[in-house]
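Notes follow the structure.
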There are 2 protein chains.
Amino acid sequence: MPAATASLLGLEKKSLREQAVSSLRTAITSGALEPGRHLVETELSDMLQISRGTLREALRQLAQEGLLTSGTRGRLSVRHLDAKEIRDIFAVRAALESLAVLTLCERPNRTAVIKSLRSAVDRMNAVANESLEERIEADLEFHRTLCTLTGNQTLLHSWASLEGSIRMSIMFAGLEKAVRNMRVDRHYEIVAAIETGDPEAARSAVVDHMDVAAGNLVA
Amino acid sequence: MPAATASLLGLEKKSLREQAVSSLRTAITSGALEPGRHLVETELSDMLQISRGTLREALRQLAQEGLLTSGTRGRLSVRHLDAKEIRDIFAVRAALESLAVLTLCERPNRTAVIKSLRSAVDRMNAVANESLEERIEADLEFHRTLCTLTGNQTLLHSWASLEGSIRMSIMFAGLEKAVRNMRVDRHYEIVAAIETGDPEAARSAVVDHMDVAAGNLVA
DNA sequence: TTACTGTCAGGTGTTAACAGTTGATACTAC
DNA sequence: GTAGTATCAACTGTTAACACCTGACAGTAA
């Protein structure tokens with residue numbers, strides 16, 4: 001196939017279910033669907049212009065991610081987070097990311113890893129004066145990269161399952177509080193510890209970072 | 001309501017979807033549906049005597065748990081684990097259970113916790129001469145209890161999401177290998193460390209246990 | 001041959017309709 | 001009034017059918 005037809009590739013077809021999952025996830029983590037709100041299937045399927053069957057598949061996925069809680073008789077509602085739950089979420093997050101940095105420290109040749117991490121931090125720097133949303137995206141991207149680089153698919157999957165809850169925590173606390181966790185130097189610390197290959201330094205950098213982050217959010 | 005009617009409670013009605021999830025999970029973790037096997041929706045819905053819509057909801061859930069992998073055009077197949085993936089799963093498991101024991105060590109009054117853990121270990125002892133399946137159940141029950149006792153719902157949920165993968169690892173390796181990980185004394189070590197309240201001892205007991213466990217499985 | 005094109009079977013994506021359950025409200029008998 | 005009951009609206013659980021896409025295979029013309 002000639003290169004001239006390259007512009008025709010990639011027709012961008014996602015299933016309605018996937019689109020619904022994205023759409024609902026955004027609605028929840030942005031607060032458009034407020035915590036505690038009861039979700040009525042018929043209502044949502046009307047809004048999203050999809051059938052209930054398709055919607056229900058999307059809802060199962062979000063429930064599994066912990067964004068929805070199931071009440072009596074299959075009624076779903078948007079999960080409500082209190083201070084303890086936010087701390088709990090960040091404790092699990094710290095455990096997972098600790099494993100990530102420990103794994104990276106053990107790797108013999110870390111130059112490629114460091115390069116990726118540095119560019120993630122650079123991106124955070126680049127958007128430091130942009131909107132809060134963009135800064136949060138850059139921050140999460142850094143932490144997701146941490147997990148991706150380990151090559152441990154299970155680790156990445158577990159972290160990704162937590163991502164929605166993390167976003168809810170941020171939304172719940174308010175973006176102004178969350179942005180206090182975007183300090184670039186704290187992230188450089190983590191990268192530096194990995195570069196040195198010092199597992200204890202890396203772990204404590206991560207755990208401290210998460211402790212502070214959770215503290216900032218619930219304060 | 002008088003106590004006499006107590007026997008009428010709990011009519012045992014689980015939705016078809018939940019039953020399908022259980023049934024399929026068992027089929028996968030027992031090897032009845034062998035790794036790599038292609039799942040055909042119409043075939044499965046016929047077997048289980050449920051409609052495709054209901055089945056598809058169940059499949060979404062299992063996919064999210066990591067028991068199924070999605071190929072091209074929405075085709076699902078049973079996840080195949082190699083040695084690296086098993087080690088990866090147990091690394092994540094170790095990270096989560098480490099958090100569990102650290103959390104428990106920090107608790108001021110641990111007598112109730114120790115009591116629960118001891119009875120879980122006792123149960124392992126009680127079934128030590130029973131079938132392999134029962135011993136595995138008792139083992140997993142101990143580790144699940146570890147997570148439950150922390151009161152951290154997110155931790156428990158993350159661990160539970162991993163449970164299917166853990167069972168697959170055991171199945172994949174063969175029950176004879178898996179049973180080498182059921183040594184009761186190793187579990188008492190963990191309980192003892194928690195009772196003492198020594199976080200480092202508890203953590204290393206867990207991490208060592210998981211290292212050995214993964215090693216036994218892939219050997 | 002070889003390249004192109006119908007055609008068909010096997011699947012998944014999606015939907016609309018039916019069935020059953022529950023909680024609230026209105027109604028009746030005492 | 002109040003306990004008991006019929007009725008109804010609002011949902012979720014479940015299903016069967018339709019719509020599409022894709023890969024394989026056969027037919028056909030150069």
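Within every chain, numbering begins at 1; the chains are lettered A, B, ... in the order of the sequence lines, protein sequences first and strands thereafter. Predicted model, so just to flag it, every value in this text is computed and none were measured.
- Shown here is A:R123, whose CZ atom has no more than 12 heavy atoms of other residues, nucleotides or ligands within 6.0 Å.
- Atom pair B:E57:CD and C:dT14:P shows a separation of 14 Å (rounding to whole Å applied).
- Here B:E141 pairs with B:R144 in a salt bridge; the nearest charged N to carboxylate O distance falls below 4.0 Å.
- Summary of the strand contacts: B:E41 and A:S51 both lie near DNA chain C, and taking for each the nucleotide with the nearest heavy atom, the more 5' one is attributed to B:E41.
- Among the atoms of the strands shown, base atoms are found under 4.0 Å from some heavy atom of A:R56.
- Of the residues near DNA chain C, B:R73 and A:T72, the one whose nearest nucleotide (by heavy atom distance) lies more toward the 5' end is B:R73.
- Residue A:S15 is classed as a sugar-phosphate contact, given heavy-atom separations below 4.0 Å to backbone atoms only.
- Between B:H143 and B:H209, the angle of the ring planes stays under 30°, which puts this pair in the parallel group of the 30/60° scheme.
- Within 4.0 Å (heavy atoms only), B:R52 reaches at least one base atom of the nucleic acid.
- End-to-end axis angle of the helix from C:dT1-D:dA30 to C:dC30-D:dG1, from C1' rotation axes over five pairs per end: 30° (rounded to 10 degrees).
- The closest donor-acceptor contact from the side chain of A:E106 to the backbone of A:T103 lies at 3.5 Å or more, if one exists at all.
- Counting only distance, with no hydrogens or angles, the side chain of A:Q61 and the backbone of A:A58 share no donor-acceptor pair below 3.5 Å.
- Although no hydrogens or angles enter the test, the distance criterion places no donor-acceptor pair under 3.5 Å between the side chain of B:T150 and the main chain of B:L146.
- In this structure, B:L44 places its CG atom 13 Å from C1' of C:dG11, rounding to the nearest Å.
- Among the heavy atoms of the strands lying under 4.0 Å from B:L39 are primed sugar atoms or P, OP1, OP2 only; no base atom is included.
- Across all strands shown, A:T42 has heavy atoms under 4.0 Å from base atoms, whether or not it also approaches the sugar-phosphate.
- Across all strands shown, B:G53 has heavy atoms under 4.0 Å from base atoms, whether or not it also approaches the sugar-phosphate.
- Using a 4.0 Å cutoff to heavy atoms of chain A, the contacted part of DNA chain D runs 5' to 3' from D:dC11 to D:dT22.
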Enumerate donor-acceptor pairs with a distance under 3.5 Å from any side-chain N or O in residues 34-41 of chain B to protein atoms, sequence neighbours excluded.
residue, atom, partner, partner atom, Å
B:H38, NE2, B:R75, NE, 3.2
B:E41, OE1, B:R52, NE, 3.1
B:E41, OE1, B:R52, NH2, 2.9
B:E41, OE1, B:R56, NH1, 3.3
B:E41, OE2, B:R56, NH1, 2.9

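- Salt-bridge formation is not detected for the pair B:R135/B:D139: no Lys NZ or Arg NE/NH1/NH2 atom is positioned less than 4.0 Å from an Asp or Glu carboxylate oxygen.
- In this structure, B:D46 places its CG atom 14 Å from P of C:dG10, rounding to the nearest Å.
- The backbone N or O of B:E85 lies less than 3.5 Å from no partner atom in the side chain of A:Q153, so there is not a single donor-acceptor pair.
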